[in-house]
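To start, the structure itself, in structure tokens.
Fair warning: this is a prediction, and the values are worked out from it, not measured in the lab.
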Amino acid sequence: MLNGSYDIVTGKSSNINQNIHYLKLINRDKLTFKDKLNLRQYIVKNKLPVTLDKKILLNEDLSISEIISHLDYFRENIMMSRPKLKDTILSCLVLLLMFVVPIYLSYFLSNYLQNHWLDPFIETLKSHTTFLNDFFHILLFDSYGIISLGSYSIVWALPVVIFIAISTAVISQTNMKSYIVWSIDPMMKYIGLTGYDIVPVIEGFGCNAAAVVNASQNCSACSKSNCVSLISFGSSCSYQIGATASLFSVMHLPWLFIPYLIIIFMGGIIHTKIWNPKTSLPSFYFNLEPLKTPNYKKTAKQSIEVIKNFLIQALPVFLFICLIASLLSMTSIISSASNIFNVLLEWLNIPNKMSSGILFSMIRKDGMLLFNMDKGQLLRSISSSSAFLLILFSSTFSPCSVTVSIIIKKLGPLEGFKIIVRQMITSVICLIIAIILFKIIL
């Protein structure tokens, strides 16, 4: 029987030809523990007739040249490839830009649409519906009106959803996602996650509920709870992003969105690190695919799917929230239910009337758009620091009701309850710290 060997460290091979019967891997003892795990996973995934323990008998399924090619790829692209600091920094910048650029473009588009189309349209519509009685006028045009407030969800949230859907699809189609996963793996392990866990976290910026489902199915058992916790606190869904972009724009301070997004995500990392003990994480190999030009048809299809979900699922729900809020505004129910937040609002020098926005943000994150009541006049009447803290608290105090139900369904009532209560505690603590810092600085 003819024997051949392959040095897994240097890549050198000997006696390699199509007639050999056995192939032996040498220098296996020089591999690190992580490299051995990576190699085993690579062998299993690619169904290679190779073992780390002894020389193996070759078969006709793969030629020796194909096996050597696979082993060379593993050495050059997986075993020998370690992310450097510049790779991690670049990935973080890409993640930041994939949200900053869409929001920057959305702001100018939404601002133009509101000033040149929406406001004149609403004023014209109001002037031609003076025949409506008080009930229908409140239902359509008052602080929580379906038209007066509901239109903000279209003008301010929809452009954000469109541009972020496109940027997320481009990242996926260019294979940039695999580079990001690989380069931030070491950093993610400091908070009890792996590089692969960033995928559902990124998807959480589209929809938290869908991201939680992905995390429960694809994250390893030891990092699943940590990943869900980070998504719940630190991933601002597209509806939340659209709502906060609208609020900061109404305040005429759109630049506040950048520190807001950074604080939310960093707060999620700190929250995850504090509440979750150190876990023994599995090692993975990362298949670094070469960057490529995006397939425009696939990019458009992926983007359209996200936009369609917003129009079909999110928009009707928010309009329904406006309807319910309008009806309840004619009673004392909203003020009674929102009294729990009055102490907080008084501490921030914010009118109690705005507590409804906090209440409805617990149902849906774009429920924060209720802060835009009276065309944003009430929001602009309070200090920018108080408004910022109000939006920050409403964003982080609780996941939306849909995400809460998914967390409980996927992780169980006990674990789900723990995640939600811990988030509420962290949110209150962060708010107190932020208030103290604002008082010291200002």
Provide the closest heavy-atom pair for [X] versus [Y] in the form atom of the first, atom of the second, distance.
X    : Y    : value
M368 : I391 : SD-O, 3.9 Å
L378 : M354 : CD2-CG, 3.6 Å
S183 : T88  : O-OG1, 2.9 Å
P399 : V404 : O-CG2, 3.8 Å
I184 : S91  : CG2-CB, 3.8 Å
L345 : P351 : CD1-O, 3.8 Å

Is a donor on one side and an acceptor on the other found under 3.5 Å between the side chain of [X] and the backbone of [Y]?
X    : Y    : result
T174 : P294 : no
K365 : S395 : yes
T272 : G268 : yes
S232 : V228 : no
S249 : P254 : no
S127 : T124 : yes
T299 : V170 : no
S235 : V201 : yes
Q423 : T396 : yes

Pairwise distance [atom1]([X]) to [atom2]([Y]) - rounded to 0.5 angstrom:
X    : Y    : atom1 : atom2 : answer
R422 : I274 : CZ    : CD1   : 11.5 Å
M424 : I419 : CE    : CD1   : 13.0 Å
I358 : F371 : CD1   : CZ    : 5.0 Å
L411 : I406 : CG    : CD1   : 10.5 Å
Q173 : S303 : CD    : OG    : 8.5 Å
I432 : L344 : CD1   : CG    : 9.0 Å

- Would you call the rings of H271 and F233 parallel, tilted or perpendicular, where under 30° means parallel and over 60° means perpendicular? parallel
- Message: Quick one about W275 and T426 (side-chain donor to acceptor, distance below 3.5 Å, no hydrogens or angles considered), yes or no?
- Response: yes
- Item | Reference residue M98; test side chain to side chain contact (heavy atoms under 4.5 Å, CB included); the match among T168, I166, L93 | T168
- Query: Would a 4.5 Å heavy-atom cut-off, applied to side chains only, mark F393 and L348 as touching?
  - Reply: no
- Query: Side-chain contact, heavy-atom cut-off 4.5 Å: I180 with I171?
  - Reply: yes
- Can you name the ring pair (Phe, Tyr, Trp, His ring centres under 6.0 Å) partners of H116, sequence neighbours left out? Y112
- Message: Let's go through L109 and F163 carefully: what are the C-alpha distance in whole Å and the side-chain angles of both, what is the deciding distance for side chain to side chain contact (heavy atoms under 4.5 Å, CB included) to 0.1 Å, and is it a yes or a no?
- Response: CA-CA 11 Å; L109 176 59; F163 286 122; 4.1 Å; yes
- Please assess L431 against L392 for the test side chain to side chain contact (heavy atoms under 4.5 Å, CB included), listing each intermediate value before the final yes or no. CA-CA 8 Å; L431 181 66; L392 182 65; 5.7 Å; no
- Test I263 against F388 for side chain to side chain contact (heavy atoms under 4.5 Å, CB included), laying out the working first. CA-CA 11 Å; I263 290 172; F388 183 87; 3.9 Å; yes
- Message: With side chain to side chain contact (heavy atoms under 4.5 Å, CB included) as the criterion, how do L327 and F135 come out once you've worked through the C-alpha distance, each side chain's angles and the decisive distance to 0.1 Å?
- Response: CA-CA 9 Å; L327 293 173; F135 175 80; 3.9 Å; yes
